[in-house]
Every structure is written in C-alpha cells, then in structure tokens.
Amino acid sequence: MNKFLEHKYTLWAILLAALILRLIPTLGAISDETRLLRPDSIGYLAPARSIAESATFPTTRRPPGYPLLASAVYFSGLGNKTLAVIQVIISVATCAVTAWAATAYSGKKSIGNIAAALMAGNLTAIANAPILLSDTLFALFAAGEFLFFIRYYQQKKCSDLFLCTFIAALAVLIRPINQLFILVLLTLILTISGVPWKQRLIHSVTALLIFAAVITPWMLRNYRIGATFDIDTNTGAMRHQNGAMLMAEVNGTDFESEKQRLLAIEREAFADTTRFPDERSRENWRKAEFRQMVYDHPFIYFSQHFTLLILLPDAPSFCESMGATVSDRGTMGVLKKDGIFAAVKHYFGENYIWFLLCLIPLLVPVGILYLASFCRLGHDLINWKKSYPELLIFLAFAEYYLFLPGAITAPRYQLPALPVLCTLAACALWKLMQKKNVEIAEDPDRMEV
C-alpha cells in the first residue's frame, strides 16, 4: 500500500477517479438543464449574461467572482452545460490542491494522496460539482489559501503568505463569507512560532494591505451606485434565513412559516418608497432588523452555530442531479425541528431505505473521512500543548467555514472546510497504516490468519 501511495502516477489515478465520479451526476443533470439550477442560481447567472452581452454588472446583490467565470462561458457562445463541465474540472483541481497541501503539511506524498482520495470520493463535493452556484469555485480558492499558508508555516517565506492573502481576498469576491478571514489570518501570523516579532508585524500589516487592496474597490463601486459599502447586498437575506431559524426556535414554530412571515413584513415595509428609495436603505434596514433579533436572543442565536448538521453529506443534490428527487421541499425546516431521521423520511419519501442502500458506496468514504478526522482532533485535544498549532489551523481553515453559516446548515457550506478535514483524516489514516505495518512486521504469521 505504501508503494502504491507513493507512486508517481497515483495522484493522476485519483484525479481520474474524481473526474469519473463527478461526471456521473453531471451527465444526469445536463440531460435536463433545470437540474443544474437552484433558487440562488439566477442571482449569479443573470449578471453573468449581462457582462457577456453588454459588459455591465447590473446588480449589487451578488459578488462578481462567479458571474465573471460564467460570463466567459457565455461570451464564448457556450451555455450552462459547458459551465457545469468546467465546474467538474474545478472540483477535480481542488482534489489536486488538497493533495499538495496535505503533502506540504505532513512532508509525505502518501498522506497527500490519501487526502486527495478522500476529497475525490466525498459525496458533497461530487454532488455539487455541476450545480450552478459559487460553492465549487469557492472551495478551490479555500484549498489554495490553505496550501500557501501551510507553505508559509513550514518555510516562513513571505511570498507564500502574500499569495495566501491574495487568494483569500479573491475568494471574498466569490463568497463574502471570506471577508472576516483576514482576522483569522492575522491571528495565525501573530501566533506562529519561529518568526521574529518585528517580522510578524510587518507580515501582518502587508497582508492586511493586500487584502484591502483587492476587496475595497468593489465595495466602493457598490457604495457609489447606491448600495452599502459591502461586497454585496445579499447579507440582509440573513434576516429571513438565519433570522427565520432563530425565531422558529424562539416561537416553537417552523422555519418555512417564519421565513414567509418575515418576508411579508419586508414587502410591506419596502412598499414605502419614500422611506426606502434605494438598495442602501433597504439593506441597512434588513441588517438592522437581523441584529435586533440577535440582540434579543443572543444565547439561542450563537448556540445554533454549534451544530454538526452542516457536515451531513449532500445526498439530496446528488439524487436531484440524477432526476430521482426534486429540491425545495422544506427539508431544512424538518431537519431543524424534528431531526435527521424525520428529514430523511420527509425528503426521500416511503422508499427512503432503498435510497440509503443505493447511496452506501458514496456514504462510506464520508464516514471514513469524519471518523478519521475526529480521531485526529481528539488526539490533538488530549495532547493540546504539543498539538495546538494543528488545532489553530483546524479552527482557521475548517471551523471558520463550519461556524459562520449558523443555523443554515446547507451541506454545500462544508466544501471550503474539506481540504483541512481531508488532510487531518489522511494523517490519522497514514498513522494507522504504519501501526498495522509494524504489527505485521513483528508478527509475520498474522498475514496468514
């Protein structure tokens, strides 16, 4: 096994397997293009078509990163099917970057290949590859920032840190959730060992300037055309998303009814065009309303951020791409109110057992990933004095992405955390393999048992 994992063609074989696995739902989805779309897709694809047709970006609701990718496809005279295939290639590239990051982290090519295999076989990554949303592209950038930070951590080269910062800033223009990552990165820089304090401060200031230089122009553009000084004006949607989850728990109701109630209040308020004449006033109102909800129920709100439900594999997206099920059935509300088992029965219907049996080959790699990574983290917690750098890296590059979505536990939100989880799991699995090799070497007769 060690020889196989260290072979020069092993990574290529893993990437080929990743491509084949991602083509399965993609071929199913492109047979009916509506399967490529989700309710949020139009928010990205409409400005992409506008860029391709008139070189204008007519909205502030979404950041420009993913629409620019889609617009390049549209400008070439191609369509959503081609964009889906490009996303498959991007998803496969994320497996390769994960391999490089895990190799840099551990110093062992075999661990890098194990990490790539875990990413290649991950059901959520497979299922989301063809879906026309920004998550697959964002995951590639998250893997890139992880890779260059690990290189900086290992070699202390400022060029690696600046590349990490630049990639992280570009990722903000794909998904604004990365906007706070600069605070995480500065914390890591200041706590890293082996670098003099003066140099740490210089690196921190330079990283902050690079980050600001990338994202500030777009924020200024939005402000100048009547929006808030933000990457996008979709942040206010947290009022009827996370806010609905919060109020459902407070009132003992359900997510969907609270969401519709909040949207009805919003429509009524925005009917007053004198009070809300532009996007800036509307977005400020939505954010102020959401902040008030959080201030009124802070403990419930923050407790909703600590949930493992975000780690559920995205079997629904896989099945929807294959045409076996349909989306938008209110499953998230059932999940939050009644638990996983009720959500599975609600989504898959009376044949849920057969669906689960068919999905077992794709669920097993996910189970191995979580079991191995949790074992590694458990070991780190027990030996925290020695392992605190690894714990910090986990918090920065995995927990950050798992924590911020809060109560909205869409499985695709786990994608940027997967490179780190795969790396930690690969380290645990490699250590287990080495232990087994030692046991066999000490007792050759075990091979015959």
Side-chain angles (χ1 to χ4, degrees), residues 37-47 58-63 133-134 175-177 179-180 219 222-223 225-307 309-310 326-339 342-343 346-347 403-410 412-413:
L37 305 175
R38 295 296 181 270
D40 290 344
S41 296
I42 189 64
Y44 295 102
L45 300 182
T59 182
T60 61
R61 280 299 178 97
R62 292 293 183 181
L133 292 170
S134 62
R175 287 189 62 81
I177 193 175
Q179 194 165 359
L180 295 177
M219 297 168 69
N222 286 343
Y223 186 81
I225 62 174
T228 52
F229 188 67
D230 291 310
I231 295 298
D232 67 3
T233 51
N234 193 54
T235 304
M238 293 180 69
R239 176 182 175 273
H240 63 261
Q241 294 288 349
N242 297 68
M245 283 293 191
L246 174 60
M247 298 314 297
E249 185 168 343
V250 171
N251 297 329
T253 55
D254 62 273
F255 169 71
E256 289 298 332
S257 63
E258 290 292 345
K259 179 180 178 179
Q260 295 307 316
R261 181 181 68 85
L262 292 172
L263 285 172
I265 294 173
E266 180 178 307
R267 287 191 295 269
E268 182 180 354
F270 291 170
D272 183 356
T273 55
T274 302
R275 184 183 175 193
F276 299 104
D278 54 19
E279 188 70 11
R280 184 181 304 160
S281 58
R282 292 188 289 268
E283 180 71 357
N284 284 332
W285 181 86
R286 283 191 292 259
K287 291 196 290 187
E289 287 278 304
F290 178 64
R291 282 195 299 269
Q292 188 59 51
M293 292 182 195
V294 175
Y295 293 155
D296 291 341
H297 311 283
F299 296 108
I300 296 177
Y301 173 71
F302 284 105
S303 68
Q304 290 183 329
H305 286 69
F306 297 95
T307 174
L309 295 179
I310 195 173
V326 294
S327 60
D328 297 323
R329 302 178 63 181
T331 306
M332 185 179 294
V334 176
L335 176 65
K336 284 293 183 179
K337 186 177 181 180
D338 301 319
H346 171 83
Y347 182 81
F403 176 85
L404 284 190
I408 304 300
T409 51
R412 56 192 172 92
Y413 292 162

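These numbers come from the heavy atoms of this one structure, side chains and all, not from hydrogens, waters or symmetry mates.
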Which pairs of donor and acceptor atoms, one on a side chain in residues 252-264, lie under 3.5 Å apart (sequence neighbours left out)?
residue : atom : partner : partner atom : Å
Thr253  : OG1  : Glu258  : OE2          : 2.7
Asp254  : OD1  : Ser257  : OG           : 3.0
Asp254  : OD2  : Glu256  : N            : 3.3
Asp254  : OD2  : Ser257  : N            : 2.9
Asp254  : OD2  : Ser257  : OG           : 3.3
Ser257  : OG   : Asp254  : O            : 3.0
Glu258  : OE1  : Arg261  : NE           : 2.9
Glu258  : OE1  : Arg261  : NH2          : 2.8
Glu258  : OE2  : Asn251  : ND2          : 3.0

Specify the closest pair of heavy atoms between [X] and [Y], including all atoms of both residues, with the distance to one decimal.
{"X": "Gly243", "Y": "Met293", "answer": "CA-SD, 3.7 Å"}
{"X": "Ile231", "Y": "Asn222", "answer": "O-ND2, 2.9 Å"}
{"X": "Thr228", "Y": "Thr233", "answer": "OG1-CG2, 3.8 Å"}
{"X": "Thr331", "Y": "Ala343", "answer": "CG2-O, 3.7 Å"}
{"X": "Asn234", "Y": "Arg62", "answer": "ND2-NH1, 3.1 Å"}
{"X": "Ala407", "Y": "Asn242", "answer": "N-ND2, 3.9 Å"}

(Q) Which residues pass the salt bridge (Lys or Arg N to Asp or Glu O under 4.0 Å) test with Arg412, not counting sequence neighbours? (A) Asp40, Asp135
Look up atom [atom1] in [X] and atom [atom2] in [Y], then write down how far apart they are to the nearest 0.5 Å.
{"X": "Gln179", "Y": "Ile177", "atom1": "CD", "atom2": "CD1", "value": "11.0 Å"}
{"X": "His240", "Y": "Glu266", "atom1": "NE2", "atom2": "CD", "value": "6.5 Å"}
{"X": "Ile300", "Y": "Met245", "atom1": "CD1", "atom2": "CE", "value": "14.5 Å"}

Residues forming a side-chain contact (heavy atoms from CB on, under 4.5 Å) with [X], sequence neighbours excluded:
{"X": "Tyr223", "result": "Phe229, Arg280"}
{"X": "Pro277", "result": "Ser281"}
{"X": "Leu309", "result": "Thr307, Leu312, Leu335, Lys336, Ile340, Thr409"}
{"X": "Pro47", "result": "Phe57, Pro58, Thr59, Pro67"}

**Q.** Gln241: partners by side-chain hydrogen bond (donor to acceptor under 3.5 Å, both in side chains), with sequence neighbours left out
**A.** none
Q) Excluding sequence neighbours, so at least two apart, what forms side-chain hydrogen bond (donor to acceptor under 3.5 Å, both in side chains) with Tyr413? A) none
Q | Where at least one partner belongs to residues 287-299, residue pairs that pass salt bridge (Lys or Arg N to Asp or Glu O under 4.0 Å), sequence neighbours excluded | A | Asp230-Lys287, Arg239-Glu289
Q: Indicate yes or no: does Arg61 engage Glu283 in a salt bridge with an N to O separation below 4.0 Å.
A: no
Q: Determine the interplanar angle of the Phe276 and Trp285 rings, folded into 0 to 90°, and report it as parallel if under 30°, tilted if 30 to 60°, perpendicular if over 60°.
A: perpendicular
Q: List in chain and number order the residues that pass ring-ring contact (aromatic ring centres under 6.0 Å, His included) with Phe299, two or more places apart in sequence or in another chain; answer none if no residue qualifies.
A: none
Q) Which residues satisfy the ring-ring contact (aromatic ring centres under 6.0 Å, His included) test with Phe290, sequence neighbours excluded? A) Tyr301
Q: For Phe302, look at atom CZ and say whether over 12 heavy atoms of other residues, nucleotides or ligands are found less than 6.0 Å away.
A: no
